[in-house]
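Everything quoted here is computed from the prediction, not taken from an experiment. Position 1 is the first residue of the sequence; numbering continues from there.
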Amino acid sequence: MTDAAILIHLSASYGAGLALEKEALLVKAFAEKITNAGLPVFLVGGNAELSQALKKSLQVTDLEPQISEIAAVRQILQDRKTAHVIVFTGIFPLYDEEITRHLFKIHTEYRADITYGENLPPGIAAHIVSRDLLESLEVMEAKDADVAAVGVRAFVEKNINQFHAEVHYQEPDLRLLRLDFSLATARSVTKTRAFVERIDAARGAYAQLQQLIQQAPQLLHTFPSYIELEFSATTEYKSFFSPLRYIEQAPAQLSRANFDRVKAYLATGLGDTSVCASGLGEPLEHPLAAEFLSELLGSEHVRYLFIETNGIHLDRLLPLISHPHAHKMRVIVLLNSLEKYEEYSGAPAATLGQVKAGIKKIADALAALKLNAQEQIFVQAYKVEENETEIDALYGLADELGASFLFQKFNRYAGLMPERRVSDMTPLERYSCWHLRRDLFIRANGDIAFCKQTVDPKKATARGNLGNDDLADIWQGQRADFVLNYHEKYPVHLPCANCDEYFTFNF
């Protein structure tokens, strides 16, 4: 690799999850591996503190602060002795030197424009760019001024047929686990730190991951990424597809005290947890719904705020459109039929017009504030036998109203409800449950359910209650259940063995 150089390109926002006084060992581990390569190293910034930390361990040449990755590569290649640039888009303590050497061999042997590992988690390997790629990019930049605004690899992947890209596949394929060791977020930092403590630094990191996870699945379980928060246990109108038609559930509404406990718990997290106002009841029937939702929007600890509603009370959301953080809001209106609206929604036929008008008002209000309504308000229908002939009409309605359409897998709550799926999307091979790994389901009465499938109050499945138990302790208990689930040890008194929701993923 004598004709190569290394570029460490850090965006302006990179490093927000790094507390350098705590993570000095992670920075040092990366710097030592970069030093081993014996190549010139160029740096584009990140924040000043992070840049200084790297410079303490590395001999680097500073490039202009915050220039694009493409511009930085072009600047390095002005030296005609340099033919290839090995690009790191973060600090990678688990950087696998052996894999990157293999990528470089492929890159030069096949004279590629760019080479990268297709299935490798962020933080395991760099991507490699040649001088020839820049010639292609110059032609494209003449047509598209936005080329420089994105990273090299991201741009190539969107225009893959325009380049000679060598895309390497590395066994084992761990994409299903959604790992990230790039230190770009607080969650990535937390997870990377846990893995670094167990990895044998003398061996390639990637080859150790699968066995390490098999031995210690708890490494995958950090802080909840998604909290489903039931504002109301019941609703005025019970949908044909709701579990409330099959169970008897006492009325309950989320109390201010319990809501504050959830907010306090979020403040101890990683700053990227999504919250969904949902559950079995109608969240917008809660008298404090708008107040709770406004506070969640304003929380720096909440990534997205989802609201799943029957759409009858959408007017109550209109004041939130002017919220400074309204861009975090995602409104999902459950609408499974137009022809049989009254039968399937449980609401009077006249309310369909009210729902349509509410969607239109929300979409127009978002658009007026230059927000993308089609990214923020959705019409959702289940993929079930009852509405097969209406899907085109529902899709068309969403488009007409300025919203997007979502086609959702039907959840039968592990056999509580009759099967209504028109197709089975369950993976051929079982894997561990995303919900036990990432989600908390908090009921309106303060109970923390075992999982989103255990809603029948006749079965004692609550992990605890917000009024009596600490959420951190409850989450720790869920970690133990996730580990058992990972090893396919399912409790006989719970529906895990027959569950078909384990593979669904909440953002």
Side-chain angles (χ1 to χ4, degrees), residues 1-11 14 30-31 33-46 51 54 58-92 95-118 120 122-170 182:
M1 296 195 284
T2 54
D3 57 350
I6 289 173
L7 168 64
I8 302 172
H9 189 277
L10 308 178
S11 68
Y14 183 86
F30 173 65
K33 293 179 180 182
I34 295 298
T35 301
N36 291 342
L39 298 173
V41 181
F42 296 84
L43 174 65
V44 173
S51 296
L54 282 170
L58 281 172
Q59 294 292 322
V60 303
T61 300
D62 279 321
L63 299 180
E64 296 174 46
Q66 307 316 323
I67 60 172
S68 71
E69 182 186 326
I70 291 172
V73 169
R74 182 176 283 118
Q75 195 168 331
I76 294 169
L77 291 177
Q78 288 177 354
D79 181 353
R80 303 304 297 183
K81 294 179 182 178
T82 303
H84 313 285
V85 180
I86 302 168
V87 182
F88 294 86
T89 53
I91 294 173
F92 299 173
Y95 160 49
D96 195 307
E97 297 164 276
E98 182 180 341
I99 288 178
T100 300
R101 281 194 292 269
H102 182 63
L103 290 176
F104 191 84
K105 182 176 182 295
I106 294 171
H107 182 77
T108 53
E109 183 176 341
Y110 293 98
R111 299 184 178 182
D113 293 336
I114 183 171
T115 301
Y116 55 87
E118 174 190 21
L120 295 171
I124 289 294
H127 56 271
I128 304 164
V129 176
S130 73
R131 186 183 301 279
D132 291 341
L133 174 70
L134 291 186
E135 295 175 3
S136 299
L137 285 174
E138 284 171 0
V139 174
M140 301 188 81
E141 281 176 310
K143 302 177 183 177
D144 184 355
D146 292 332
V147 169
V150 298
V152 176
R153 176 175 167 179
F155 184 79
V156 168
E157 287 178 330
K158 291 180 180 178
N159 302 273
I160 194 70
N161 293 326
Q162 306 293 323
F163 303 98
H164 175 188
E166 286 295 327
V167 182
H168 174 66
Y169 175 86
Q170 182 77 31
S182 67

For [X] and [Y], work out which heavy atoms get closest and say how close.
X	Y	answer
A112	S130	O-OG, 3.0 Å
H9	A72	CD2-CB, 4.2 Å
A4	P40	O-CD, 3.8 Å

Quiz item: Is atom OH of Y110 surrounded by more than 12 heavy atoms (other residues, nucleotides or ligands) closer than 6.0 Å?
Solution: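 12 or below, so no.
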Quiz item: For E98, does the CD atom sit with more than 12 other heavy atoms under 6.0 Å from it, leaving out its own atoms?
Solution: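 Counting other residues, nucleotides and ligands, CD of E98 stays at 12 neighbours or fewer.
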Nearest 0.5 Å, what's the [atom1]-[atom2] distance between [X] and [Y]?
X	Y	atom1	atom2	answer
Q75	E64	CD	CD	5.5 Å
F104	D3	CZ	CG	5.0 Å
F88	L7	CZ	CG	9.5 Å
L10	Q66	CG	CD	8.5 Å
I106	H168	CD1	NE2	5.0 Å
I160	F155	CD1	CZ	11.0 Å

When you measure from the side chain of [X] to the backbone of [Y], do you find a donor-acceptor pair of N or O atoms at a distance under 3.5 Å?
X	Y	answer
T115	I128	no
D96	I99	yes
D113	H164	yes
Y95	I34	no
T100	A125	no

Answer yes or no: is there a side-chain heavy-atom contact under 4.5 Å between [X] and [Y]?
X	Y	answer
I114	H127	yes
I91	Y14	yes
V73	L133	no
V41	L54	no

Self-check item: With sequence neighbours excluded, residues passing salt bridge (charged side-chain N to carboxylate O under 4.0 Å, His left out) with E118
Solution: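 Partners of E118 by the salt bridge (charged side-chain N to carboxylate O under 4.0 Å, His left out) criterion, ordered by chain and then number, come out as R175.
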Show me the side-chain donor-acceptor pairs of residues 76-87 shorter than 3.5 Å, one per line, residues at least two apart or across chains.
residue, atom, partner, partner atom, Å
D79, OD1, K81, N, 3.0
H84, ND1, H107, NE2, 3.3

Quiz item: In a check of side-chain contact (heavy atoms from CB on, under 4.5 Å) between L43 and each of V60, L63, T61, I6, which one passes?
Solution: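 Among V60, L63, T61, I6, the one that satisfies the side-chain contact (heavy atoms from CB on, under 4.5 Å) with L43 is V60.
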